[in-house]
Amino acid sequence: QVQMMESGGGSVQSGGSLRLSCEAASSSDYTIGSYCMGWLRQVPGQKREGVAAIDSDGTTSYAESVKGRFTISRHNVNNTLYLQMNSLKPEDTARYYCAAVLVPAGLGFCESDSSYNYWGQGTQVTVSS
């Protein structure tokens with residue numbers, strides 16, 4: 001079992017920045033560092049969209065819509081996942097969720113649209129024009 005809790009959401013103007021954090025804890029035999037972790041977002045009435053992912057070996061992947069603007073990172077010592085969001089646009093407005101799944105590292109299974117099985121409650125990001 002993995003418990004996850006997001007923070008750092010808020011309201012910003014277009015072009016602004018936010019940094020999301022996700023604190024994670026594992027009660028299984030695997031440390032948080034063993035998990036593929038990702039950020040996804042959802043607008044009410046729309047399908048959840050993968051934003052970024054980071055594998056246990058540090059390999060990252062991004063949705064085309066956020067490449068060059070968002071950066072995913074992880075700190076395995078304090079079991080925290082981050083999403084630095086720069087040059088925010090109104091279309092980035094959504095509820096952002098962190099997620100985790102245990103997959104073999106370094107084989108391309110860790111993607112932003114992977115089938116995650118552990119989720120946080122989400123944090124709202126609102127970007128105004």
Side-chain angles (χ1 to χ4, degrees):
Q1 291 288 341
V2 176
Q3 294 77 43
M4 312 181 79
M5 180 177 292
E6 304 91 340
S7 62
S11 297
V12 296
Q13 290 191 326
S14 181
S17 298
L18 281 174
R19 188 193 197 201
L20 306 183
S21 299
C22 173
E23 294 184 19
S26 173
S27 57
S28 74
D29 291 336
Y30 298 94
T31 64
I32 292 299
S34 303
Y35 287 81
C36 162
M37 300 183 78
W39 287 99
L40 300 91
R41 63 188 181 187
Q42 189 169 26
V43 176
Q46 298 185 18
K47 185 180 178 181
R48 192 170 292 181
E49 174 191 21
V51 175
I54 184 165
D55 206 345
S56 58
D57 65 358
T59 302
T60 59
S61 65
Y62 296 91
E64 285 295 327
S65 59
V66 306
K67 277 184 179 178
R69 300 188 298 122
F70 291 10
T71 302
I72 189 171
S73 61
R74 65 192 301 166
H75 195 295
N76 289 334
V77 173
N78 61 15
N79 293 334
T80 304
L81 178 71
Y82 301 99
L83 185 68
Q84 178 67 43
M85 304 186 295
N86 298 328
S87 302
L88 282 161
K89 305 175 181 180
E91 51 264 44
D92 294 318
T93 295
R95 190 164 185 85
Y96 284 71
Y97 299 86
C98 60
V101 63
L102 199 60
V103 297
L107 298 179
F109 293 118
C110 184
E111 301 285 347
S112 59
D113 59 354
S114 293
S115 297
Y116 297 94
N117 48 16
Y118 300 107
W119 296 84
Q121 294 298 309
T123 185
Q124 180 67 32
V125 172
T126 302
V127 185
S128 58
S129 58

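This is a predicted model, so every value here is computed, not measured.
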message = Which label fits Tyr118 and Tyr35: parallel for a plane angle under 30°, tilted from 30 to 60°, or perpendicular past 60°?
response =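 Aromatic pair Tyr118/Tyr35 classed perpendicular.
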
Taking [X] for the side chain and [Y] for the main chain, is one N or O donor matched with an acceptor at less than 3.5 Å?
X: Thr93; Y: Ser128; value: no
X: Glu6; Y: Gly122; value: yes
X: Trp39; Y: Tyr82; value: yes
X: Tyr62; Y: Gly68; value: no
X: Arg74; Y: Asp55; value: yes
X: Asn79; Y: Ala25; value: no
X: Arg95; Y: Gln121; value: yes

| task | Determine, step by step, whether Ser27 and Gln3 satisfy the side chain to side chain contact (heavy atoms under 4.5 Å, CB included) criterion, reporting the C-alpha distance in whole Å, the side-chain angles of both residues, the deciding distance to 0.1 Å, and the verdict. | result | CA-CA 8 Å; Ser27 57; Gln3 294 77 43; 4.1 Å; yes

Inter-residue atom distance [X].[atom1] - [Y].[atom2], 0.5 Å rounding:
X: Ile72; Y: Gln84; atom1: CD1; atom2: CD; result: 12.5 Å
X: Arg19; Y: Met85; atom1: CZ; atom2: CE; result: 11.5 Å
X: His75; Y: Leu81; atom1: NE2; atom2: CG; result: 12.5 Å

What closest approach, in Å, do [X] and [Y] show between heavy atoms, and which atom pair accounts for it?
X: Gly106; Y: Asp57; value: CA-OD2, 3.4 Å
X: Ser112; Y: Ser61; value: N-OG, 3.7 Å
X: Ser73; Y: Ile54; value: CA-CD1, 4.0 Å
X: Ser114; Y: Phe109; value: OG-O, 2.9 Å
X: Leu83; Y: Ala52; value: CD1-CB, 4.3 Å

Non-hydrogen side-chain atoms of [X] and [Y] separated by less than 4.5 Å:
X: Glu91; Y: Ser65; answer: no
X: Asn76; Y: Thr31; answer: no
X: Cys22; Y: Tyr97; answer: no
X: Arg48; Y: Trp119; answer: yes

Quick check on Glu111: does its CD atom have over 12 non-hydrogen neighbours (other residues, nucleotides or ligands) under 6.0 Å away?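 Yes, enclosed.
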
Subject >> Exercise: do Ser56 and Tyr30 side chains pair donor with acceptor under 3.5 Å >> reply: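 No, because no side-chain N or O of Ser56 sits under 3.5 Å from a partner of the opposite role on Tyr30.
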
Ile32 and Met37: side chain to side chain contact (heavy atoms under 4.5 Å, CB included), yes or no, with the steps? CA-CA 9 Å; Ile32 292 299; Met37 300 183 78; 3.8 Å; yes

Problem set entry | Partner of Phe70 under side-chain contact (heavy atoms from CB on, under 4.5 Å), chosen from Leu88, Asn86, Leu20, Thr60 |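 Answer to the side-chain contact (heavy atoms from CB on, under 4.5 Å) test with Phe70 among Leu88, Asn86, Leu20, Thr60: Leu88.
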
- prompt: Run the side chain to side chain contact (heavy atoms under 4.5 Å, CB included) check on Leu102 and Ser34 step by step: do they pass?
  reply: CA-CA 7 Å; Leu102 199 60; Ser34 303; 4.0 Å; yes

**Report entry** Test log, rule side chain to side chain contact (heavy atoms under 4.5 Å, CB included), inputs Asp92 and Arg41
**Finding:** CA-CA 9 Å; Asp92 294 318; Arg41 63 188 181 187; 2.9 Å; yes

